[in-house]
Amino acid sequence: MNSNKVEHGAEKAPHRSLLKALGLTEWEMARPFVGIVNSRNELVPGHLHLDQITAAVKAGVRANGGTPFEFPAIAVCDGLAMNHEGMRYSLASRELIADSIEVMATAHALDALVLVPNCDKVVPGMLMAAARLNLPALVISGGPMLAGRFQGRDVSLSTVFEGVGAFRANKIAAEELAELEARACPGCGSCAGMFTANTMNCLTEALGLALPGNGTIPAVAAARIRLAKEAGWQVMELLKNEIRPCDILNRTALLNALAVDMALGGSTNTVLHLPALAREAGLELELDVVDEISRKVPNLCKLSPAGAQHIQDLNEAGGIPAVMKELLEHGLISGEALTVTGLTVAGNLEGVKIERADVIRSVADPYSPTGGLAVLRGNLAPEGAVVKQSAVAPEMLEHAGPARVFNSEGEAVAAILGEQIQPGDVIVIRYEGPKGGPGMREMLTPTAAVAGMGLDKEVALITDGRFSGATRGASIGHIAPEAAEGGPLALVAEEDSIRIDIPGRKLELLVPEEELARRREEWRRPEPRVKSGYLVRYARLVTSASQGAVLLSSSGWRG
């Protein structure tokens with residue numbers, strides 16, 4: 001065991017002395033050391049209750065013969081960081097989370113890990129650490145927030161963002177917005193729709209790195225506490241049987257996760273996180289594979305923001321196991337993949353069925369014959385761009401219009417809320433990519449403002465930044481190469497015609513190549529927006545969004 005390095009033999013007397021200072025007994029030191037990584041803090045609603053989850057995990061570890069050691073990880077609330085400089089740190093925090101877990105687990109010679117995240121970049125950051133360290137490990141998240149209730153309907157945080165646009169367009173009164181604000185987020189948990197946090201928590205199940213129920217059991221349910229105890233027990237079984245993350249995390253598992261992502265209509269951010277996770281496991285996951293899976297896996301769910309249902313509805317319908325069972329029965333995922341239960345996917349799904357056909361449709365009757373995400377290419381995005389096509393109105397799947405060009409998110413938001421955008425426009429927000437942002441900010445404020453003002457069926461938005469999982473509409477992100485690297489997005493001028501063809505997977509700037517060549521000669525890289533601190537180092541090392549926005553080390557790829 002790794003822990004022998006700090007507690008076994010006469011020469012480790014100083015180490016044992018320090019462990020005894022923690023209150024450990026001889027018999028606790030003789031047991032395996034299990035790290036419980038807790039991202040709990042008092043800033044993120046999704047994390048407020050994680051002390052209860054970790055307490056249950058520790059009980060499970062102790063019951064099955066282990067000694068748990070809790071340590072923290074940072075977490076950014078994307079909602080609170082939205083639409084100001086704080087959002088530059090959200091994606092960048094993923095790397096810090098993975099690095100800090102590597103440091104703690106290795107420095108203290110831990111034998112296994114239980115990862116307790118709950119929000120957008122924390123889940124992938126912890127998964128990346130698990131793959132990198134390859135200690136027996138599994139994920140138990142804090143679970144989703146319940147939807148709020150407002151004027152007789154279920155609502156969530158995205159409804160509030162859209163409410164701002166509705167208020168600016170004089171569609172609702174200030175009093176209604178205030179009431180919506182008070183009701184939309186009723187308590188702890190990750191925001192209630194199929195946004196990035198819940199998408200990633202659901203995909204931990206599909207990857208086989210979490211117990212069934214991890215993605216959908218509500219944060220406030222007693223079943224979540226029971227699952228946490230089971231997770232603590234099960235990590236000890238993984239340790240006894242020497243089952244490690246990279247025994248589970250192979251190409252088959254990644255393809256299963258992508259298939260589930262397409263069926264759910266998950267967040268576009270998964271196209272950043274799954275390739276980053278693959279690299280940590282020594283694998284590749286190309287954008288073309290994402291699109292191949294999308295073309296053959298139908299969209300079976302319409303959860304917020306694409307529809308009116310929320311994660312609690314998916315849980316009632318049978319959760320991720322029910323989605324996976326439907327896909328398995330039609331040959332769209334592999335049943336042979338190993339999972340942290342010790343069983344294969346097929347073994348986990350025995351006896352599972354869809355409980356609510358209004359939430360999880362059959363493959364024979366999908367919302368769409370293709371998956372929730374699509375990868376677009378063309379002269380505007382030679383390396384690719386990503387759109388959540390399941391949340392795009394049918395009339396916007398093909399669109400052409402004049403470019404309205406903004407060099408930052410803030411400029412675009414001011415124009416949208418100032419009613420300067422007209423039906424048919426294509427809003428271009430550039431210099432917001434991984435390097436140019438830096439940090440590849442989410443664009444929920446502008447997309448929600450467009451939707452709230454009733455323009456989401458008439459206006460498109462394209463960017464080298466990214467979108468919240470709560471975004472809906474013809475919102476195309478991750479355009480690569482990014483503008484700060486001299487990508488074609490940097491060459492777009494006001495009123496240029498842009499054509500979007502989502503079914504045809506095309507994103508094109510309708511400007512003659514000679515004119516683009518002239519503009520390319522005149523283009524100059526802009527001054528960096530951030531000139532000190534972590535983001536300077538991040539901007540120097542981060543790769544393209546098409547490669548998962550991972551960091552380069554001095555010797556090449558990390559992972």
Side-chain angles (χ1 to χ4, degrees), residues 34 36-42 44-64 68 70 72-73 75 77 113-120 122-123 126-127 137-148 154 156-157 185-236 264 303 309-324 339-341 348 352 355-356 359:
V34 181
I36 316 297
V37 190
N38 182 6
S39 57
R40 195 264 180 187
N41 62 59
E42 294 183 346
V44 186
H47 295 218
L48 188 63
H49 64 306
L50 293 189
D51 52 348
Q52 300 172 34
I53 303 296
T54 52
V57 171
K58 287 187 280 189
V61 169
R62 291 190 184 101
N64 201 10
E70 181 181 339
C77 177
L113 294 170
V114 180
L115 307 162
V116 188
N118 213 32
C119 285
D120 296 43
V122 190
V123 182
M126 288 193 180
L127 287 171
L138 53 70
V139 173
I140 170 66
S141 76
M145 185 184 293
L146 294 175
D154 286 347
S156 66
L157 182 66
C185 298
C188 65
S190 48
C191 296
M194 189 52 73
F195 314 144
T196 305
N198 288 326
T199 300
M200 289 304 302
N201 278 326
C202 289
L203 294 192
T204 58
E205 287 189 52
L207 288 164
L209 293 172
L211 297 176
N214 180 69
T216 62
I217 295 173
V220 295
R224 174 65 57 179
I225 300 298
R226 295 196 296 271
L227 191 69
K229 291 178 182 177
E230 295 289 355
W233 178 278
Q234 191 60 27
V235 76
M236 295 303 298
L264 292 173
L303 301 165
Q309 294 165 334
H310 293 79
I311 303 300
Q312 65 206 57
D313 298 296
L314 180 59
N315 189 60
E316 289 176 8
I320 301 308
V323 175
M324 294 183 73
T339 76
V340 291
T341 65
N348 286 342
V352 171
E355 301 290 348
R356 282 182 56 184
V359 178

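In this structure, CG in N348 is found 13.0 Å from CD1 in I320, a value given to the nearest 0.5 Å. In this structure, N201 CG and M194 CE are separated by 10.0 Å, a value rounded to the nearest 0.5 Å. For the atom pair CG of L303 and SG of C202, the computed distance is 8.5 Å after rounding to the nearest 0.5 Å. With rounding to the nearest 0.5 Å, the separation of CD in E355 from CG in D313 is 14.0 Å. Atom-to-atom distance recorded for K229:NZ and L227:CG is 12.0 Å, nearest 0.5 angstrom. With rounding to the nearest 0.5 Å, the separation of NE2 in H47 from SG in C119 is 3.5 Å.
Closest approach of V340 and Q234 over heavy atoms only: O-NE2, 3.0 Å. When all heavy atoms of T216 and E205 are compared, the closest pair comes out as N-OE2, 4.3 Å. Heavy atoms only, all atoms of each residue included: A75 and S39 are closest at CB-O, 4.0 Å. A pairwise comparison of heavy atoms in A63 and W233 identifies O-CZ3, 3.5 Å as the closest pair. Annotation for L127 and M200: closest pair CD1-CE, 4.2 Å, computed over non-hydrogen atoms. Between Q312 and A147, the shortest heavy-atom contact is OE1-N, 2.7 Å.
In this structure, the side chains of M145 and S156 stay at 4.5 Å or more apart for every pair of heavy atoms. Counting only heavy atoms from C-beta outward, the side chains of S190 and P144 approach each other to under 4.5 Å.
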Check the pair L48 / R40 against side-chain contact (heavy atoms from CB on, under 4.5 Å), numbers first and verdict last.
-> CA-CA 6 Å; L48 188 63; R40 195 264 180 187; 4.0 Å; yes
side-chain contact (heavy atoms from CB on, under 4.5 Å) between V57 and V235, worked out = CA-CA 10 Å; V57 171; V235 76; over 6 Å; no
Could you give me the CA-CA distance, side-chain angles and deciding distance for L314 and L264, then say whether side-chain contact (heavy atoms from CB on, under 4.5 Å) is met?
-> CA-CA 10 Å; L314 180 59; L264 292 173; 4.0 Å; yes
Before giving the answer on side-chain contact (heavy atoms from CB on, under 4.5 Å), spell out for N118 and H49 the whole-Å C-alpha distance, their side-chain angles and the decisive distance to 0.1 Å.
-> CA-CA 10 Å; N118 213 32; H49 64 306; 4.1 Å; yes
Check residues 218-226 and write down every donor-acceptor pair under 3.5 Å in which the side-chain atom is one partner and the other belongs to a residue at least two apart or another chain.
residue: R224; atom: NE; partner: I217; partner atom: O; Å: 3.2
residue: R224; atom: NH1; partner: S141; partner atom: O; Å: 3.0
residue: R224; atom: NH1; partner: S141; partner atom: OG; Å: 3.3
residue: R224; atom: NH1; partner: N214; partner atom: O; Å: 3.1
residue: R224; atom: NH2; partner: N214; partner atom: O; Å: 2.8
residue: R224; atom: NH2; partner: I217; partner atom: O; Å: 2.6

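Contacts of A231 classified as side chain to side chain contact (heavy atoms under 4.5 Å, CB included), with partners at least two apart in sequence or in another chain: L138, I140, L211. In this structure, the side chain to side chain donor-acceptor pair (under 3.5 Å) partners of E70, at least two apart in sequence or on a different chain, are N38, K58.
Of the options T204, V37, L50, V122, a side-chain contact (heavy atoms from CB on, under 4.5 Å) to P117 is made by V122 and by none of the others.
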